[in-house]
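For ligands, and for the atoms within them, numbers begin at 1 and follow the listed sequence. Note that the numbering runs from 1 along the sequence shown for the chain. These numbers come from a predicted model, not from an experiment.
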Amino acid sequence: MNVNEAKKLVMNGLDLHEINSGVYSGEWIAAEGRKTIESICPINGQALGSVTQGEDQDYEKVVAAAEKAYKEWSALPAPRRGEIVGEIGAELLKNKELLGMLITLEVGKTVSEGAGEIQEAIDIANFAVGLSRQLYGLTIASERPEHRLMEQWHPLGVIGVITSFNFPAAVWAWNALIAAVVGNITVWKPSSSALLTAVAVSRIANRVVERNGLPPIFLLACGSGRTIGDHLVNDKRVPLISFTGSTGVGRSVAEQTSARFGRSILELGGNNCAIVTAEADIDLALKGVAFGAMATAGQRCTSTRRVLIHRSIYDDFVKKLKDVYCRVNIGSPLDPSVIVGPLVDKNAVDNFTATIRQSEKQGGHVIQGGKVMKMNGCFVSPAMIEISKQKGIVLEETFAPILFIMKYDTMEEAVQIHNAVPQGLSSAIFSTDMRETEYFISHAGSDCGIVNVNTSTAGAEIGGAFGGEKETGGGRESGSDAWKYYARRQTVTVNYGNDIPLSQGVVFPV
Ligand code: NAD
């Protein structure tokens, strides 16, 4: 399939016109008089369609609609909210192939990864349906006679969801669908590099809400980070900002949100490392490292960016990994034999080249790839770079397929190097020795939010809480009890006696 054939499939199935409104406030705000952004296909550099950008007055309309909708939506029983989210999951399933293809066209994921991302959104919808009947609070033994002490969880209100380009549908689903069953309304500001996907997903979700006669609970406000993003971050009517993106932008989002005593969930950059020990199953480790470093062309927050290999197997492992890199097919992600598609845009290609140049200046030695491909679109050959010391550019996240390779002698040294970066998202160890793997997942081991044993740093499931430590921001989203981030906890004391006994034995004889 070529880009034009794929585009037809998406256009027919999703009714995407040349100019799409990028603002939904219960109705799609007309395009007239609004600036538009073209969505550029990274496979061939051509425009796919354009989306209008929200302006100040549109933002006000969206937030006013969200505040109004909150009253009605939050009053619905949570299991009824779950039913609506379940219907959205079913609609996503019906449109899985088309939406996946749109992701392929818009951000360059392989067809399998595009469809996988929509499956992730469906999975979280299913999870949210179950959750809607499990928003449990605790009952606590009171120290006072004839008293009841308990905790309950209420929705927060209007939640701002600002997303990155690389998971243009799943990150919205993680946030919006969980927030919805808790009783909240979300206002989504998607990345300007993936606007068509945002419009398509929002249309599907809102059609479900509309046919159920409910107020708009999934609002959309496309626009730049500096306008719509900035409005959301500084808006006191928005008690929680869930931000997914780079550490630099996330830092400023966190500062601004906390300055107004708002809350934030921060899902920021990673600098993920895999350790391959002398006891590793080598074939398994090769697959895990190759997938982690090259899937989605290194544009996952969980992509493997560093690998530490035990000295005794270093030469052999590096040679085998190099062979895997040489065999990898790079090209249009619409071709099923391709496993490395394009970077998202020219800017990403420039960052890739700049990082390689800088690492060479800092003593790195490129042993494979690292070239910009002579093809239309944003294609590069994944790079393997040997380094003797972890410093400079290696401490930063470059959102591209660059793998820094180092050797180590002892597990203690490996863990020390592993943890000596500012970020703390995902980590992996490849070993068949239980002492090594248990050490790595113990408190003295990996300092990341996600730790993997004999599987890749990339490819998390929705059932666990997702997020990382240090400059990755500390947020948690998706499964487990991450729903509590979208709720306010209320401690309730009920006195059903005839007196007011005081806690801690305090006496107040009035
Ligand atoms: P980015 O930081 O450039 O943009 C993220 C979002 O922030 C976009 O919607 C952008 O428009 C918006 N934005 C920009 N300036 C803003 C401002 N001043 N105020 C408010 N919003 C603003 O990130 P990106 O290039 O789209 O995505 C890649 C980054 O995201 C990587 O660092 C990656 O690691 C990270 N990421 C992290 C996770 C995670 O869960 N930890 C998941 C996916 C991506």
Side-chain angles (χ1 to χ4, degrees), residues 22 37 42 51 53-54 59 106-107 109 117 120 160-175 187-195 197-198 220-235 238 241-257 262 264-272 296-305 343-345 347-348 350-352 355 396-400 421-427 448-450 457-460 462 464-479 482 485:
I37 288 196
V51 173
Q53 300 297 287
Y59 175 80
E106 203 168 30
V107 302
K109 291 190 181 191
E117 173 158 0
E120 195 170 340
V161 178
I162 303 177
T163 56
S164 57
F165 78 85
N166 65 324
F167 277 94
V171 172
W172 168 80
W174 285 4
N175 284 283
V187 175
W188 182 14
K189 195 220 87 62
S191 160
S192 297
S193 303
L195 293 173
T197 304
L220 179 69
C222 295
S224 77
R226 295 207 177 279
T227 53
I228 299 292
D230 205 55
H231 280 318
L232 269 175
V233 168
N234 289 294
D235 194 335
V238 182
I241 298 292
S242 175
F243 176 85
T244 303
S246 54
T247 294
V249 179
R251 180 175 279 119
S252 112
V253 166
E255 284 167 4
Q256 293 176 74
T257 312
S264 54
I265 301 174
L266 301 171
E267 298 282 350
L268 312 179
N271 193 349
N272 318 298
T296 326
Q299 298 169 111
R300 290 184 182 216
C301 48
T302 51
S303 290
T304 308
R305 310 202 177 279
L343 292 181
V344 69
D345 55 26
N347 196 25
D350 292 345
N351 286 342
F352 171 82
T355 295
E396 293 172 30
E397 176 200 49
T398 303
F399 220 50
V421 292
Q423 311 81 356
L425 181 52
S426 187
S427 53
C448 291
I450 298 168
T457 61
I462 63 106
F466 183 90
E469 305 300 334
K470 302 192 291 186
E471 291 193 3
T472 301
R476 290 297 185 276
E477 286 178 359
S478 193
Y485 277 83

Look at [atom] and say which protein heavy atom is nearest, naming residue and atom and giving the distance to 0.1 Å.
| atom | value |
| --- | --- |
| atom 3 (O) of ligand 1 | Ser246 OG, 4.1 Å |
| atom 42 (C) of ligand 1 | Cys301 SG, 3.1 Å |
| atom 10 (C) of ligand 1 | Lys189 NZ, 3.9 Å |
| atom 26 (O) of ligand 1 | Phe165 N, 3.1 Å |
| atom 7 (O) of ligand 1 | Phe243 CE1, 3.1 Å |
| atom 28 (C) of ligand 1 | Phe399 CE2, 3.6 Å |
| atom 19 (N) of ligand 1 | Gly225 O, 3.4 Å |
| atom 6 (C) of ligand 1 | Thr163 O, 3.4 Å |

Once you restrict to heavy atoms under 4.0 Å, what part of [X] touches ligand 1? Side chain, backbone, both or neither.
| X | answer |
| --- | --- |
| Phe167 | neither |
| Pro190 | backbone |
| Thr244 | both |

Side chains of [Y] and [X]: any donor to acceptor distance under 3.5 Å?
| X | Y | answer |
| --- | --- | --- |
| Thr257 | Ser264 | no |
| Gln256 | Ser252 | yes |
| Gln423 | Thr247 | no |

Do any nitrogen or oxygen atoms of [X] come within less than 3.5 Å of a nitrogen or oxygen of ligand 1?
| X | result |
| --- | --- |
| Glu397 | yes |
| Thr472 | no |
| Asn166 | no |
| Leu268 | yes |

What I'd like to find out is whether the side chain of [X] reaches to under 4.5 Å of the side chain of [Y], using heavy atoms alone.
| X | Y | result |
| --- | --- | --- |
| Thr197 | Val107 | no |
| Phe165 | Val171 | no |
| Leu220 | Pro190 | yes |

Inset, instruction - For the residue pair Trp188 and Trp172, categorise the inter-ring angle as parallel (less than 30°), tilted (30 to 60°) or perpendicular (more than 60°). - result: parallel

Legend entry - salt bridge (charged side-chain N to carboxylate O under 4.0 Å, His left out) partners for Glu469, two or more places apart: Arg476

Calculate, to the nearest 0.5 Å, the distance between atoms [atom1] and [atom2] belonging to [X] and [Y] respectively.
| X | Y | atom1 | atom2 | result |
| --- | --- | --- | --- | --- |
| Leu343 | Gln299 | CG | CD | 4.5 Å |
| Asn272 | Thr302 | CG | OG1 | 6.0 Å |
| Gln53 | Leu195 | CD | CG | 5.5 Å |

Would you mind running through ligand 1 and noting each atom that sits below 4.0 Å from a heavy atom of [X]?
| X | answer |
| --- | --- |
| Ser164 | 24 (P), 26 (O), 27 (O), 30 (O), 43 (C), 44 (C) |
| Leu425 | 41 (N) |
| Val249 | 2 (O), 13 (N), 14 (C), 15 (N), 16 (C), 17 (C), 22 (C) |

Inset, instruction - Kindly confirm or rule out a cation-pi arrangement of Lys109 over Phe167, judged by NZ or CZ under 6.0 Å from the six-membered ring centre and within 45° of its axis? - result: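 Yes, cation above the ring, under 6.0 Å and within 45°.
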
Inset, instruction - Give a yes/no verdict on whether any heavy atom in Ser191 is under 4.0 Å from an atom of ligand 1. - result: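 Yes, that is the case, since the closest heavy atom of the residue is under 4.0 Å from the ligand.
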
